[in-house]
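Written below as structure tokens is the structure these notes are about.
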Amino acid sequence: MGQQFDLLKARLNEISDVNHATAVLGWEQETYMPSGAAKSRSEQLGTLSKISHEMFVAQATLKLLKAAAAEQDTMKNAKKAAIVNIAQQDYDRAHKLPSEFVAEMARVNSQATHAWIDARRQSKFELFAPWLKKNFDLARRAADYFGYQDHIYDALLDQYEPGMKSAEVTNIFADLRDQTVPLVKAIVAHKDRVSDDCLHGQFDKQVQEDLAKKVATQLGYDFNRGRMDYTAHPFCTHFSIDDVRITTRTDETMFNTMFFSVMHEVGHALYEQGVSHDYERTPTGTGCSLGLHESQSRMWENLVCRSRESWVHFYPQLCEALPVFKQTPFDTFYKAINKVEPSLIRVEADEVTYNLHIMVRFEMEMAMLEGKLKIKDVPEAWNAKYQDYLGLTPENDAVGCLQDVHWSGGLIGYFPTYTLGNLISVQMFERIKKDIPDLTEQFKRGEFSQLLAWLRKHLHQHGRRYAPTDLIKRATGKALTAKPYIAYLKSKFGDIYGLGG
Ligand code: ZN
């Protein structure tokens, strides 16, 4: 019984082991590797990626997939069927791109990234422009290989948020933009009502780290199955369901840099630590989509850790760790960590303005793919949109259209998932509050286990078993809209900035 399934699973397990070993080397490259090892490490990573890819796309894998799918007792078992179906889905996708094309893409992306680093350092868009054109040409070709029905963007978005369509994103974003731009204007008109002076000072790195780890543990992050290290850019990675690691960065002069980046990555990590062991070492055993993943990081970072209720519990711990905060009234601190200020840099943006940064990128990607925006006109278009949405114009391209790594690495169609994550987080949270009416009261007592249990039950455990759009409906009760998010922003920031009504 299920013999073919067992053979398939054994093969998927081996491929997964190679992938996770690759991830260990990737993690180590960012954390502890001496810089002199860069070349040898990239060769090692290349070799392991090639081995894993060859094992996966081999005829032998297809044979095992077909044999397992033909087994009735396997396909009647929902979890086993999920393992077969997701592996088949990945196999089909992997076969849509010819291997020479994949190699060309890897080569061009890598050269483009080097050109981008140089262009950003010198703040000269023209050094990057030819590579940006190459990357968009490659993206167009990839979309043709993947195939699409309505819009070329759909084929690219589908890599990161399977099933989501650009027309749906356009609709959702239009709603969000119409409501966010006036809200930002109203906040800016009363910007003197919130100051974040109390977050600037001298905060010992070790003290910050100890506090962040203590809070992460209280949220439910299991350090016996994870750890935290330092990198230039924070991230979360996993080598199994029982080894999910996060990284952070420190700024001894600014309190919120480390604290909230840790809580963001903890949100990602809680998702991976919560996947069912039934999916361990298979392609089903990870988060469902980038948007759903981001919904978890944003939920813990913003809805939990930037809420008034959670700080009722955490503030005494903060004051004990960093006594300078004893001089800061609770309300001043709460407002400071929620300060809204239009800025040029996406990764530093607050909850209200963040999505406007994403819309700029999404609209420009659409226009470039449709041929309505020429590569040479990118800086001008970028600056015009920033003026339009955020009331700011970048003084140079380094803090303008050259700020993100995505376009240099060929990640076109990726940006919307950040905003989708924000929207999903609130829509899901509203649903959870219906199921657990005293949820935020629990936060005041430092109780987060019911929230985590809900997420484990409705989202985390399933891994990739359900399609993202189905899972959003299952977990939130309806299809995704911007409405809950807009209501949340108006209520929270209307209160903080005293906007009335
Ligand atoms: Zn994230």
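In each ligand, atom 1 is the first atom listed, and ligand 1 is the first ligand listed. Nothing fancy with the numbering, it's 1 onward along the sequence.
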Output field: ring centroids [X]/[Y] closer than 6.0 Å:
X: Y315; Y: Y334; answer: no
X: F448; Y: F314; answer: yes
X: F429; Y: Y488; answer: no
X: F259; Y: W311; answer: yes

Passing option when F362 is tested against F415, Y389, Y414, F173 for ring pair (Phe, Tyr, Trp, His ring centres under 6.0 Å): F173

Heteroatoms of the protein, restricted to N/O/S, which lie under 2.8 Å from the Zn ion (ligand 1): H264 NE2, H268 NE2, E294 OE1

Pair D90 + R464: basic N to acidic O under 4.0 Å: yes

